[in-house]
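In what follows, a structure is listed as structure tokens, so that the remarks can point back to it.
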2 protein chains.
Amino acid sequence: MKKIDILKKLRSSSLRPTKQRVEIAKFLFEREKTFHFTVESLNKLLIKKSTSKIALATIYNTVHAFKAAGHLNEVEVRGNKTYFDTNVSNHHHFYDSETSELIDIDANDVVIQKIPKAPNGKKIKNVEVFINLKN
Amino acid sequence: MKKIDILKKLRSSSLRPTKQRVEIAKFLFEREKTFHFTVESLNKLLIKKSTSKIALATIYNTVHAFKAAGHLNEVEVRGNKTYFDTNVSNHHHFYDSETSELIDIDANDVVIQKIPKAPNGKKIKNVEVFINLKN
DNA sequence: TTTTCACTTTAGAATAATTATAAACTAAAA
DNA sequence: TTTTAGTTTATAATTATTCTAAAGTGAAAA
């Protein structure tokens, strides 16, 4: 994803393309593959990668802003860490608690034949499948 | 579940039936229906119900000991709260983020037709389905 | 341009959930 | 009984996250 597209992406979701947001967006979206991270891991990676330090609070703000705009997906797993995922399409996850690793599963690789009706007055927002792994 | 059974349950899993453990176990397991709770909510309920105060750390210890013994199931949902579930059978959950409510879904009410193979060297421990609700 | 102002960033404080510590206590084996 | 390993407890520490309020900054308006 090019810089011009990063700017478009930000502007189209009413996010001012500040220096920090552009830097974080480039880091997250200029890649081929899906990227899973926690705020803490992203912070460490940004410290390594860039010269200018971005405040941790800004990373929290930015990641949540990107999530609200639909550019990131939030995934919560055992062990009280919140992972974010640059893959925002409908998909599922393997979770390997040995390595705390999250692996994408394409939505087409999981077929659910039967699910119950939502309780009265409620609707189904989405269905998330977690396949927990062991050795 | 009778007191004698509570004692058996604890002894059979090498948990000394201390005053605190018996009290918590009675509160959790002497009921007809599945019970979902967080450590914090359990603590509040125990304060209301009983005369003797049990330290919060003991409730954490006890709940985790019961979980390790397979008497409780741990369920993690959006919003950084860890729920425990007295239903330890294989089952799934509705999660209503409006009310932070967790509702059991019988394993038979969800039929998965197709799941991917586990990554090499890994095995599938279990499959958890979350159906997120909206209004 | 320059000015203005709402939006952002920032460091540090505050909060919330959980775990660690170490001393006092206790169930049950010897 | 006495002993001992397991347990409880209050409190401190840790971890992840959010709040606060002051300083900074895009971008619209003058």
Side-chain angles (χ1 to χ4, degrees), chain A residues 3-4 6-25 27 36-47 50-69 71-72 74-84 97 100 102, chain B residues 3-4 6-25 27 36-47 50-69 71-72 74-84 100:
Chain A
K3 173 140 189 197
I4 184 81
I6 295 274
L7 295 180
K8 268 190 204 154
K9 184 171 215 161
L10 294 177
R11 287 227 173 76
S12 71
S13 30
S14 313
L15 293 170
R16 279 192 193 167
T18 64
K19 194 159 66 73
Q20 293 84 346
R21 281 178 180 162
V22 171
E23 184 167 342
I24 294 171
F27 186 78
H36 292 108
F37 62 95
T38 64
V39 170
E40 202 50 51
S41 75
L42 176 60
N43 185 39
K44 282 193 188 120
L45 290 168
L46 287 171
I47 287 170
S50 82
T51 43
S52 54
K53 188 189 178 317
I54 301 177
L56 184 58
T58 300
I59 297 176
Y60 272 98
N61 291 341
T62 303
V63 166
H64 285 125
F66 287 179
K67 186 204 156 191
H71 303 316
L72 290 174
E74 188 177 7
V75 183
E76 199 136 354
V77 292
R78 289 287 147 82
N80 261 6
K81 266 176 199 270
T82 301
Y83 284 80
F84 290 88
S97 60
S100 297
L102 210 52
Chain B
K3 173 140 189 194
I4 184 82
I6 295 274
L7 295 179
K8 268 189 204 154
K9 184 170 216 162
L10 294 177
R11 287 224 173 76
S12 71
S13 29
S14 313
L15 294 169
R16 279 192 192 166
T18 63
K19 195 159 66 72
Q20 292 85 343
R21 282 180 179 161
V22 170
E23 185 167 342
I24 295 172
F27 186 76
H36 293 108
F37 61 96
T38 65
V39 169
E40 202 50 52
S41 75
L42 176 60
N43 186 37
K44 281 194 189 119
L45 290 168
L46 286 171
I47 287 170
S50 81
T51 44
S52 54
K53 189 189 178 317
I54 300 177
L56 185 58
T58 300
I59 297 175
Y60 273 99
N61 291 340
T62 303
V63 165
H64 285 124
F66 287 179
K67 186 204 156 191
H71 304 316
L72 289 173
E74 188 177 7
V75 183
E76 199 135 354
V77 291
R78 291 285 147 81
N80 261 5
K81 268 180 198 266
T82 302
Y83 284 80
F84 290 88
S100 297

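Proteins come first, then strands; the chains are lettered A, B, ... in the order of their sequence lines, and each starts at number 1.
When each of D/dT18, D/dT8, D/dA27 is scored by its nearest atom to the side-chain atoms of A/H64, the top-ranked nucleotide is D/dT18. Each of D/dT8, D/dG26, C/dA28 was ranked by its minimum atom distance to the side chain of B/R21; first place goes to D/dT8. Here the side chain of B/V39 is nearest to one of D/dT8, C/dT18, C/dT26, namely C/dT18. Among C/dA11, D/dT9, C/dT9, the nucleotide with an atom closest to any side-chain atom of A/T62 is C/dT9. Distances were taken from every side-chain heavy atom of A/Q20 (C-beta onward) to each of C/dT10, C/dA27, D/dT18; the shortest belongs to C/dT10. Which of D/dT8, C/dT18, D/dA10 sits closest to the side chain of B/A57 comes down to D/dA10. With D/dG6, C/dT9, D/dT9 as the choices, the nucleotide that has an atom nearest any side-chain atom of B/A55 turns out to be D/dT9.
When rounded to the nearest whole Å, the span between CG of B/L46 and P of D/dT9 equals 11 Å. Taking atom CZ of B/R11 as the reference point, atom P of D/dT7 lies 12 Å away to the nearest angstrom. Straight-line distance from the CD1 atom of B/I54 to the P atom of D/dT7: 15 Å, rounded to whole Å. A straight line from CD1 of B/I24 to C1' of D/dT8 spans 11 Å, rounded to a whole angstrom. One interatomic measurement links the two molecules: OH of B/Y60 to C1' of D/dA12, which rounds to 15 Å at whole-angstrom precision. Atom NZ of A/K19 is separated from atom P of C/dT9 by 10 Å (rounded to the nearest Å). In this structure, B/N43 places its CG atom 15 Å from P of C/dA16, rounding to the nearest Å. The separation between A/L56 atom CG and C/dG12 atom P is 13 Å, rounded to whole Å.
The 5' end of DNA chain D is approached more closely, in terms of each residue's nearest nucleotide, by B/R16 than by the other of B/R16 and B/N61. Ranked by how close their nearest DNA chain D nucleotide is to the 5' end, A/L15 and B/I59 are led by B/I59.
Residues B/F66 and B/L10 meet the side-chain proximity criterion, which asks for heavy atoms closer than 4.5 Å.
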Audit row: B/L45, B/F37, side chain to side chain contact (heavy atoms under 4.5 Å, CB included) steps and yes/no = CA-CA 10 Å; B/L45 290 168; B/F37 61 96; 5.6 Å; no
query = After noting the C-alpha distance and the side-chain angles of A/L56 and A/V39, does the key distance pass the side chain to side chain contact (heavy atoms under 4.5 Å, CB included) rule?
reply = CA-CA 8 Å; A/L56 184 58; A/V39 170; 4.0 Å; yes
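If you run side chain to side chain contact (heavy atoms under 4.5 Å, CB included) between B/N43 and each of B/I59, B/T38, B/T58, only B/I59 comes through.
Looking at A/R21, its side chain never comes within 3.5 Å of a backbone N or O of A/T62 through a donor-acceptor pair.
B/T18 comes within 4.0 angstrom of the backbone, heavy atoms only, and of no base.
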